[in-house]
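These figures come from a predicted structure and were not determined experimentally. Sequential numbering from 1 along the given sequence is applied to the chain's residues.
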Amino acid sequence: MKKYNFDEIIERRNTNALNTDGFRSYIFGASDDDESMKFPYEDDEFIRMWVADMEFATPDCVLDKIRERLDKRILGYTRIFSNEYYNAFRSWCEKRYGWSFEKEELLTSNGIIPALYALTGHILEKDEKLLFLTPSYAYFQYSADANGNEAVYSNLINNDGYFEIDYEDFAKKASDEKTKLLIFCNPHNPTGRVWKKDELEKIGEIIEENNLWVISDEIHCDLLRKGQKHIPLGKVMPNYKRLITCMAVSKTFNTAGLMFSNVIIRDEELREKWNKTHINFENPLSIAGAMGAYESGEDWLEELREYLDNNFKVTEEYLKENLPKSKFRISEATYLAWVDLSEYFQAEEDLSEFFAYKAGVLLEGGRMFVQNSDCFIRLNLAMPKAMLMEGLERISEAVNNKIDAQL
Ligand SMILES: Cc1ncc(COP(=O)(O)O)c(C=O)c1O
């Protein structure tokens, strides 16, 4: 008997949600109130499969803690003073990943994006380079851009839909004397790879050989398919000081708007730099919500994972049946599907635009993922199954119409 209802369709409009109201600027670079940007669909007719938050309700274990905190009625300046938060988060990491860290290493940030920007600035001189694997979450690129640093890319190898690291290329890029920082996405967005122990060890060796700083962005680490296991990079590099680990409850429990994440910095000097420039006040509601998640969120998470596993399964079946030339492997982690449509599209086609105009589906086309991503689409599957099926139907119909028109 299921305890939670992931089939419920929840109205998100009029909440200032980026997901519903911010797609014109985020996906299309237009202004959000640009009246001239018209689609053949009303805004509320779109199936939204883009930004990485979920259409599911945040669980009550989180909301109740926030309500409890609200009932204290004063929301003054707040910082994490007690050990409670550290203990709850550390226990989560010990139990789920067999990994832990010291209290003084744990800092918090208003989201991982601001942490990436700040850390890149703290670590790199202006003429130094930032390395990451591609395709990539675009904010790794933006962190380099915002700090005026050059980005260097190592393309993943696409082995029949299974993405692997090109160690030779990676080692070459890492050994450039100007390359000083790696942002490593573990598990990987957008391919959904869960890096295995031997892969992490090889990457770890190259990092150590070149004395690189590494930010391991592990924001997706709880959202694993059944049978997968997350290994923090810090676990295979237990004594490496130049390692920063970012984790959060935000993806796992759908609380991205609470802007609260963990940044575990081992190096004391870097922590000092961070503390000098970082205004480390926190939103009291965010702390309360995160406590609720770490203390009592596990059974909800397990049911969410089952639901997501099924959404991936039906997506795979649907694509096989209706878009037989698409290539898709179920992601090992995340709720994001990375689908290869190269048999249907040319590299120069803008797939975000195509599916918005022709299918009424908002999704992120390959070009939003830096490089090595032409003709892919990223689909967010974290939604009620009925909504997902409608999205998949629209996508396949639009592609099949395109093929018919070409015949
Ligand atoms: C790899 C990765 N890092 C960071 C973020 C965003 O983090 P935050 O919302 O904490 O700024 C995302 C969101 O999609 C992500 O996929």
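A cation-pi arrangement is present between K402 and F345 under the rule of less than 6.0 angstrom and at most 45 degrees off the ring axis.
Using the six-membered ring where Trp is involved, F39 and Y357 have ring planes that are tilted, between 30° and 60° apart.
Here the closest non-hydrogen pair linking L181 and L212 is N-CD2, 4.4 Å.
Every pair passing ring-ring contact (aromatic ring centres under 6.0 Å, His included) that includes a residue from residues 201-244 is listed here, sequence neighbours excluded: Y97-H230.
Using modelled atom types and a 3.5 Å distance limit, the side chains of T58 and N254 yield no donor-acceptor pair. For the 3.5 Å distance criterion, the side chains of N110 and E282 qualify, holding a donor opposite an acceptor.
The number of heavy atoms from other shown groups lying within 6.0 Å of NZ (K72) does not exceed 12. Remark: D44 CG is packed, more than 12 non-hydrogen atoms of other residues, nucleotides or ligands lying under 6.0 Å away. Environment of CG in N159: crowded, with over 12 heavy atoms of neighbouring residues, nucleotides or ligands closer than 6.0 Å.
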Assess the residue pair R24 and D32 against the criterion (salt bridge (Lys or Arg N to Asp or Glu O under 4.0 Å)); give the C-alpha distance rounded to whole Å, side-chain angles, the decisive distance to 0.1 Å, and a yes or no.
CA-CA 5 Å; R24 282 182 173 74; D32 285 316; over 6 Å; no

Going through the checks in order, is the side-chain contact (heavy atoms from CB on, under 4.5 Å) test met by L133 and F170?
CA-CA 8 Å; L133 302 172; F170 180 76; 3.9 Å; yes

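Ring to ring, Y153 and F132 are close: their centroids are under 6.0 angstrom apart.
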